[in-house]
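Only one structure is covered here, and it is reproduced in the block below.
The sequence lines fix the lettering, A, B, ..., with proteins before strands; numbering per chain opens at 1.
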Amino acid sequence: MPVWFNPSHTIDQALREVAALMPEFDPEFDPGVRPADPRFGDFQANGVLSFAKKHQVNPRELAQSLIDAAQASNHFDPNMVELSLAGPGFINFKLSTAFLWQWQLDYSTKADYQSGAMQLKSGRKVVIDYPSANTAKQAHIGHLRPMVIGQAIARILDFCGAELVRDNHIGDWGTNFGTLIMKIKRDEIDLNALNEDALATLDKLYKDGSALEKEQPDLRDISRKELVLLQNGDPDNTAIWEQIVKISKIAFEQLFDQIGVEVDITLGESFYRNKVDRIYEELTEIGLAEHSDGALVVWHDEVKKFSRENERPYPFNIRKSDGASNYASTDLATVLYRLEKFKAEEIIYLTDARQQDHFEQLFLTTNKWFKAKGYPLPEMQHVFWGSILGADKKPLKTKSGESIKLQELLDEARARAYEVVTKKNPEFPEQERKAIAESVGIGAVKYADLSSNRTQDYVFSWERLLSFEGNTAPYLLYAVARINSIFRKAEIDPSEPLIGASPIETEAELALARRLMGFVTALELTINDLRPHFLCTYLYELAGTYSSFYNADKVMVSDEAVKARRLILCARTRTVMQTGLELLGITALERM
RNA sequence: GCUCCCGUAGUUCAAUGGAUAGAGCAGCGGUUUCCGAAGCCGCAAAUGGCAGUUCGAAUCUGCCCGGGAGCACCA
């Protein structure tokens, strides 16, 4: 009989079943199972404490009776798990060595690990809205986090069984096109004549156009008219717009390839241009939308900050007073499309923290609207993040105060990593050093972005993120490279099964075996909060536990049975590390 | 005026309301005839302040202090 893949879940289920048969408990009882401090055991159940408090009974006595009933049931094999009472009423679960070892034997491949993870999001229809960059603007460092965080979240959701649609909801229909078209016409720019710097040129044209509008406010009216012309299907403006979008897409796809951003569909705001009328109609029909200063808006007076009673009223503006659609109109149309087209049960938006008000208004509006129309309401989540700061704790900029171009950042990462690799391993072929620099450099930038809690700002430091010490990509990659080195020297394929192993027994072996079991818990934490740093922390701890094991217990010993069991632990560590890194979008290396 | 994010060791980051708040760097001290020392082991060092909720608070609530951000016709 195989051992439990996810002991935390199994213990939780078993305790619920046991408690269901006991008069002391009721269906409200939540066992509260979670990984425990290793000093006390592998898992602990805290739920008895709050339950006992609520029902005015002695928590220790209640916990003891649950332990007794659990042990009397057939759920807990005493050879596999030991239950004990501790403190004010904790129940500790200590897995036996037999369990830990059997687990390593039963679950060995990526597919095995995934089969356990699939329960987490099985079949759930999820639309993830990322990276959703704007058109006609060069990508800068601000575009890094949506790409990196979004890509990791998407891969993890996919791994955990979600039916995922990665929707690149590009901003290709906004007010900036009015300015851009005005400037392009004014300067008589031929977009077809632009070369590979096309996007940089567009970027500059927009900036210059905006500056011009500030100097000559009457140009703003021209820009506005150009936008309305575009939105009404004017052929000239449409042709210009198509060129701009094309140039932008080509440039962004180059970045996506480098960063590992995967996209299933690209439906920009323009896609919804014919779908916004229905939004205006439905929201007006149900009495949600009303006119205000010529615009069509939705008020959420029950939320204080959006109330019209405020000194500065803050409605959700869904149609501008000139009749044009905006961010809100297209986002509302997009929600409806995702529901009707993809049957979305969950929608995840990735944008920076400054847009929280917009999404709060969007979610409130959708909630009321779908309720009134009887549409099923998808779960909607806004994943946001803090800024990337420089050493001075201010948003990272170039020395001259410009925002750092994303391409330049990536190139610098490669160059710095190449320098390190060449210094450490000058004998490696040039091509391999380049490949290593690619993985280490880009991986380090991504990992720096993923490894800290996304809602906080983080300080960007080349020195730290490329360091081989601490919670960095190079440290993790190094751990994998060392494992590969062992298999290379032993001339053993790490993916082949190993036979003749004796059961683990040393402290370092047991610690590593325990750590390996934590992968699914790390994925679960990551998915619950959509915070990839939980997975990063786990992989860092796994690499550390492996390094301790590596130092304490030599793998290539003469005792074949001991060697085999240690090689098994190495192979498992390698698989989990590689799988985890892949989910984060980092490529593990054979050597580095 | 109405809000949001954040405040943990000298520093950069962890801690799904749970037991003695964990790491990296920097500092100090060990460790290599042995699989990659880019490693490992150890020492020292922190929850902005005051109340409250709770059996239990870095975590939840309120107020205060400090940093950053937002407040309709940009996205």
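- Nucleic acid contact for A:N484: none, since no nucleic acid atom lies under 4.0 Å from a heavy atom of the residue.
- Ranking B:G1, B:C73, B:A19 by closeness to the A:N317 side chain, first place goes to B:C73.
- With A:T351 as the fixed residue, the side-chain hydrogen bond (donor to acceptor under 3.5 Å, both in side chains) test singles out one of A:H382, A:H169, A:Q356: A:H382.
- Straight-line distance from the CG atom of A:D42 to the C1' atom of B:A19: 16 Å, rounded to whole Å.
- Contacts of A:E463 with the nucleic acid, taken as non-hydrogen atoms under 4.0 Å apart, are absent.
- The residue A:T175 sits close only to the backbone: its heavy atoms come under 4.0 Å of sugar-phosphate atoms, none of a base.
- At whole-Å resolution of the value, CZ in A:F316 and P in B:A72 are 13 Å apart.
- B:A58 sits 11 Å from B:G49 when the P atoms are compared, rounded to a whole Å.
- A distance of about 38 Å separates the P atoms of B:C71 and B:A51, rounded to the whole Å.
- Nearest to the side chain of A:Y314, among B:G18, B:A72, B:A38, sits B:A72.
- Cation-pi geometry between A:R34 and A:F43 is not satisfied (NZ or CZ under 6.0 Å from the ring centre, within 45° of the ring normal).
- Heavy atoms of A:R319 sit nowhere under 4.0 angstrom from any nucleic acid atom.
- Atom NZ in A:K214 sits about 14 Å away from atom P in B:C74, given to the nearest Å.
- Checking B:C35, B:C5, B:A37 against the side-chain heavy atoms of A:Q356 singles out B:C5 as nearest.
- When distances are taken from the side chain of A:N310 to each of B:C73, B:C2, B:G39, the shortest belongs to B:C2.
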Could you walk me through whether A:Y540 and A:Y475 satisfy the ring-ring contact (aromatic ring centres under 6.0 Å, His included) test, starting with their C-alpha distance in whole Å, then the side-chain angles of each, then the deciding distance to 0.1 Å, before giving a yes or no?
CA-CA 8 Å; A:Y540 175 55; A:Y475 177 81; 5.6 Å; yes
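- Comparing atom distances between the A:F384 side chain and each of B:A69, B:C5, B:A19 picks out B:C5 as nearest.
- The gap from the C1' atom of B:U47 to that of B:A9 amounts to 10 Å, rounded to the nearest Å.
- Because its NZ or CZ atom is not both nearer than 6.0 Å to the ring centre of A:F428 and within 45° of the ring axis, A:R433 does not count as a cation-pi partner of that residue.
- Comparing B:C50 with B:A44, their C1' atoms sit 30 Å apart, to the nearest whole Å.
- For A:E269 against B:A75, a side-chain-to-base donor-acceptor contact under 3.5 Å is absent.
- Looking at A:R145, its side chain does come within 3.5 Å of a backbone N or O of A:G386 through a donor-acceptor pair.
- Atom CG of A:L589 and atom CG of A:N484 lie 9.0 Å apart (nearest 0.5 Å).
- For B:G24, neither phosphate oxygen OP1 nor OP2 lies less than 4.0 angstrom from any side-chain nitrogen or oxygen of A:S467.
- Residue-nucleotide stacking is present for A:F40 and B:A19, judged by a side-chain ring centre under 5.5 Å from the six-membered base ring centre and planes under 30° apart.
- Atom P of nucleotide B:G17 and atom NZ of A:K54 are separated by 18 Å, given to the nearest angstrom.
- Across all strands shown, A:K554 has heavy atoms under 4.0 Å from base atoms, whether or not it also approaches the sugar-phosphate.
- Remark: the A:S321 side chain and the B:C73 base include a donor-acceptor N/O pair separated by less than 3.5 Å.
- Atom CZ of A:F549 is separated from atom P of B:C40 by 14 Å (rounded to the nearest Å).
- Contact annotation for A:N326: backbone-only contact, meaning every heavy-atom pair under 4.0 Å involves sugar-phosphate atoms and none involves a base.
- Among the heavy atoms of the strands, none lies under 4.0 Å from A:A36.
- Rounded to a whole angstrom, the distance from the C1' atom of B:C40 to that of B:A23 is 15 Å.
- Taking atom P in both B:C64 and B:C73, one finds a spacing of 30 Å when rounded to whole Å.
- B:G22 atom C1' lies 11 Å from atom CZ of A:R39, rounded to whole Å.
- A cation-pi arrangement is found for A:K275 relative to A:F271, the charged atom lying closer than 6.0 Å to the ring centre and inside a 45° cone about the ring normal.
- Nucleic acid contact class of A:R312 (heavy atoms, under 4.0 Å, all strands): base.
- Between A:F460 and A:W462, the two ring planes are perpendicular [angle over 60°; tilted spans 30° to 60°].
- Among the atoms of the strands shown, none is found under 4.0 Å from any heavy atom of A:A353.
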Indicate for each nucleotide in nucleotides 6-16 of chain B, in 5' to 3' sequence, whether protein heavy atoms under 4.0 Å reach the base (B), only the sugar-phosphate (S), or nothing (-).
SS----SSSSB
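- In summary, the aromatic rings of A:F306 and A:F316 are positioned with their centroids too far apart to meet the 6.0 Å limit.
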Applying the Watson-Crick and G-U criteria (both distances under 3.5 angstrom) with [ ] for crossing and | for other-strand pairs, one obtains for RNA chain B (((((((..((((....[...)))).(((((.......)))))....(((((..]....))))))))))))....
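- Taking only side-chain nitrogens and oxygens, A:Y550 never comes nearer than 4.0 Å to OP1 or OP2 of B:A38.
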Applying ring-ring contact (aromatic ring centres under 6.0 Å, His included), run through A:H300 and A:F363 and close with a yes or a no.
CA-CA 11 Å; A:H300 298 288; A:F363 296 169; over 10 Å; no
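- Each of A:Y327 and A:I486 lies near RNA chain B, and the nucleotide nearest A:I486 is the one positioned closer to the 5' end.
- For A:K424, whose side chain is taken as the heavy atoms from C-beta onward, the closest listed nucleotide among B:C4, B:A38, B:A75 is B:A38.
- Here the side chain of A:E469 is nearest to one of B:G39, B:C73, B:A19, namely B:G39.
- If you take atom C1' in B:G66 and the same atom in B:C28, they sit 33 Å apart, rounded to whole Å.
- With distances taken from any side-chain atom of A:R354 to the nucleotides B:A38, B:C71, B:A69, the minimum falls on B:A69.
- The CH2 atom of A:W241 lies 10.5 Å from the CD atom of A:Q231; values are rounded to the nearest 0.5 Å.
- Contact annotation: side chain of A:S132 to base of B:A75, donor-acceptor pair absent below 3.5 Å.
- Residue-level contact check: A:A490 touches neither bases nor backbone, having no heavy atom under 4.0 Å from any strand.
- In the set B:A72, B:A38, B:G18, the nucleotide with an atom closest to the side chain of A:N425 is B:A38.
- In this entry the distance linking CG of A:D357 with P of B:A75 reads 16 Å, nearest Å.
- Figure legend: A:R354 and A:W385 shown without cation-pi pairing, the cationic atom not lying both under 6.0 angstrom from the six-membered ring centre and within 45 degrees of its axis.
- Aromatic ring centres of A:F51 and A:F29 lie closer together than 6.0 Å.
- Nearest-nucleotide mapping onto RNA chain B: of A:N92 and A:N176, the residue sitting toward the 5' end is A:N92.
- Between the CG atom of A:D352 and the P atom of B:G68 there is a distance of 17 Å, given to the nearest Å.
- A:D553 and A:T506 form a side-chain donor-acceptor contact under 3.5 Å, judged by distance and modelled atom types alone.
- Across B:C60 and B:U8, the matching P atoms stand 15 Å from one another, rounded to whole Å.
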